[in-house]
Amino acid sequence: MSLGQISQRAGEWLRGAGPQSEVVISSRIRLARNLAGFPFVGRASKAQQQEVVQRCQEEVMSGRLGAGLIWVDLTQSTALDRQLLVERQLASRQHVKATLDLPRAVAIGADETFAIMVNEEDHLRVQVLRSGMQVGDAFAQINAIDDTLEEHLDFAYAKRFGYLTACPTNVGSGIRVSVMLHLPALKLTGEIEKVRRAARDMHLAVRGLFGEGSEAQGDLYQISNQTTLGRSEQEILTYFQHSVVPQVIAYETKARMALLQQRQWELDDKIWRAWAVLTHARVMGTEEVLSLLSHLRLGVNLGRIDTVDIPTINELLLLTQPAHLQRVAGRELDPASRRRARADLIRQRLAAK
Amino acid sequence: MLKRKCDQCNSPATHHSVEIIKGQKIEKHLCDAHAAEAGLAIKAVHTPINELLTNFVKVRSGGAAQETVCEHCGLRFSEFRESSLLGCQSCYTAFEEQLGPLLERAHEGGTHHLGKVPRRAGAGQERQQHLLRMRKRLAEAVDCEDYELAVRLRDDIRGIEEQPE
């Protein structure tokens with residue numbers, strides 16, 4: 001399995017299935033771990049950084065985590081491949097930065113449900129990605145991966161502070177639970193800021209599609225925990241399962257119903273305009289596509305349009321991103337050609353249905 | 001979310017603050033309207049860690065923070081303040097005094113780990129410290145091009161690592 005093969009389809013997290021998938025696009029959990037006895041990444045010598053990569057590679061690729069893992073040495077990979085990993089949420093933007101002269105890698109599970117970044121901010125950043133609201137299953141999977149890694153790797157750990165991480169905001173359990181939510185109705189009714197503020201006040205972070213510092217394009221929001229010390233993993237999971245997510249879903253659902261009852265013409269107009277533009281435009285930017293796909297997704301979920309299904313929308317969400325577009329085209333494209341190729345691809349995929 | 005009601009009416013509270021005055025914890029929860037009425041520029045409880053650090057160090061030291069250095073990796077506390085990143089696991093011990101209250105604020109009052117414990121924890125801690133020291137000596141040996149010493153240290157490290165705990 002190579003990166004070229006995985007770019008042809010949507011990853012597991014965009015399968016468009018899973019519980020509560022009308023609002024919850026995906027669930028993600030990541031664990032931050034460091035190897036005992038080595039300085040953290042930022043303070044390690046190049047030789048030490050290299051040794052950490054080697055150790056992790058031996059362990060991660062030992063077969064104990066299953067067969068078919070892809071190991072990507074980021075110092076050897078092309079800019080396009082690195083961008084591809086970010087678009088598929090398998091590596092962070094920080095991790096793939098071209099200017100970084102640092103031995104580092106990312107391992108990808110065969111089904112793309114998990115990925116392990118080596119030498120990001122911490123020696124190991126393990127993540128599990130699932131479609132829909134599946135934080136419980138995601139945790140079971142990541143915990144098993146962590147147990148396996150721990151059999152042969154010694155993680156930095158102390159009684160008081162738990163798993164020791166480079167940034168003290170992750171210390172303790174080193175866990176970040178995050179759910180990606182599609183909140184178009186809250187955006188349309190102007191209530192999204194309230195949700196953002198409330199989330200922040202409850203110690204939850206709200207980010208855009210591509211994490212830290214990214215805008216909430218396509219009405220996609222990631223909500224994640226900030227507290228990792230003094231709370232068990234289970235406590236955080238329960239908080240998401242029984243409090244945070246059900247409440248946001250309830251708000252969004254209420255806003256969707258309000259739109260249907262009070263602004264149905266306006267809503268239908270938005271949905272069908274999105275369809276019209278997507279099926280006819282000749283030049284398209286990513287931001288516009290994300291916004292139109294958002295309206296289309298809302299339309300499908302509310303039963304207002306049946307010319308397209310959710311898996312196709314998810315596939316387009318990913319394939320219209322710059323690196324994916326170039327992969328599909330099989331060559332590098334300048335921004336202007338990308339905008340044309342993007343419009344072509346969308347028309348093609350939507351016409352086929 | 002939004003489970004708290006405003007202290008002064010039945011609307012959901014959207015502004016929260018916790019102040020500690022002479023050891024007394026005072027919590028305020030207000031809705032938009034009452035927060036505005038109170039004329040309080042109430043800040044969200046969550047503050048970026050950089051800001052926390054800067055404020056905290058100022059309060060603690062009256063402006064001139066006494067410089068603590070981690071003896072293992074050489075990181076100065078002031079460097080940590082700049083980058084928000086620690087240098088090695090020993091920094092948690094070296095800066096424990098400064099980090100304790102800071103972490104408590106960053107983690108909603110959390111002071112001690114409550115989650116998963118690695119199966120190999122505990123006994124391993126001293127070993128971790130020892131390995132960290134050995135690796136530091138190894139790095140120094142390589143820097144000074146003392147390869148004979150480096151090889152010996154490398155073997156020693158391997159030996160320690162392969163020992164059952």
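For clarity, every value in this text was computed on a predicted model and none was experimentally measured.
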Practice task
Report the distance from atom SG of B:Cys88 to atom CZ of A:Arg43, rounding to the nearest 0.5 Å.
Solution key: 8.5 Å
Practice task
Please flag which part of B:Leu138 lies under 4.5 Å from any non-hydrogen atom of chain A: side chain, backbone, both or neither.
Solution key: neither
Problem - chain B contact via A:Arg197 - side chain, backbone, both or neither, heavy atoms under 4.5 Å - result: side chain
Exercise for the section: Please flag which part of A:Val41 lies under 4.5 Å from any non-hydrogen atom of chain B: side chain, backbone, both or neither. Expected result: neither
Practice task
Drop me the distance from A:Phe155's CZ to B:Lys116's NZ, to the nearest 0.5 angstrom.
Solution key: 8.5 Å
Handout entry: Validation row: B:His107, A:Arg231 side chains within 4.5 angstrom (heavy atoms)
Key = no
Handout entry: Shortest non-hydrogen contact from B:Val117 toward A:Tyr157
Key = CG2-OH, 3.2 Å
Fill in the blank from the handout: Okay, A:Glu121 and chain B: the region with an atom under 4.5 Å from a heavy atom over there is side chain
Completion exercise
Smallest heavy-atom separation, B:Ser84 atom then A:Pro168 atom, equals O-CD, 3.4 Å
Handout entry: Contact summary for B:Gln89 and A:Ala156, nearest pair of heavy atoms
Key = OE1-CB, 3.4 Å
Problem - Which atoms of A:Leu153 approach chain B - backbone, side chain, both or neither, heavy atom under 4.5 Å - result: backbone
Exercise for the section: Look up atom CZ in B:Arg135 and atom OG in A:Ser45, then write down how far apart they are to the nearest 0.5 Å. Expected result: 10.5 Å
Handout entry: Gap between atom CG of B:Leu99 and atom CZ of A:Arg160 - 0.5 Å precision
Key = 9.0 Å
Exercise for the section: Please look at A:Asn143 and chain B and tell me whether the side chain, the backbone, both or neither of the residue comes under 4.5 angstrom of a heavy atom of that chain. Expected result: both
Problem - Residue, of A:Pro39, A:Ala205, A:Ala166, A:Ser173, that accumulates the most heavy atom pairs under 4.5 Å with chain B - result: A:Ala166
Handout entry: Pairs of heavy atoms under 4.5 Å with chain B: top-ranked of A:Gly37, A:Gly162, A:Gly230
Key = A:Gly37
Fill in the blank from the handout: The side-chain contact (heavy atoms from CB on, under 4.5 Å) partner of A:Leu229 among B:Thr111, B:Leu103, B:Leu114 is B:Leu103
Practice task
Would you confirm whether the ring centroid of A:Phe161 sits within less than 6.0 angstrom of the ring centroid of B:His112?
Solution key: no
Completion exercise
Turns out that what part of A:Leu35 lies under 4.5 Å from chain B's heavy atoms comes down to backbone
Handout entry: Heavy atoms from other residues, nucleotides or ligands near CZ of B:Arg137 exceed 12 (cutoff 6.0 Å)
Key = no
Practice task
Count the heavy-atom pairs under 4.5 Å between each of A:Ala47, A:Gly172, A:Gly42 and chain B, then report the option with the highest count.
Solution key: A:Gly172
Exercise for the section: Enter the distance from A:Phe40:CZ to B:Ser90:OG here, rounded to the nearest 0.5 Å. Expected result: 8.5 Å
Practice task
Let me know if A:His123 has heavy atoms under 4.5 Å from chain B in its side chain, its backbone, both or neither.
Solution key: neither
Problem - Short side-chain to backbone donor-acceptor contact, B:Tyr92 and A:Val171, under 3.5 Å - result: no
Practice task
Determine whether more than 12 heavy atoms belonging to other residues, nucleotides or ligands lie under 6.0 Å from atom CD of B:Glu71.
Solution key: no
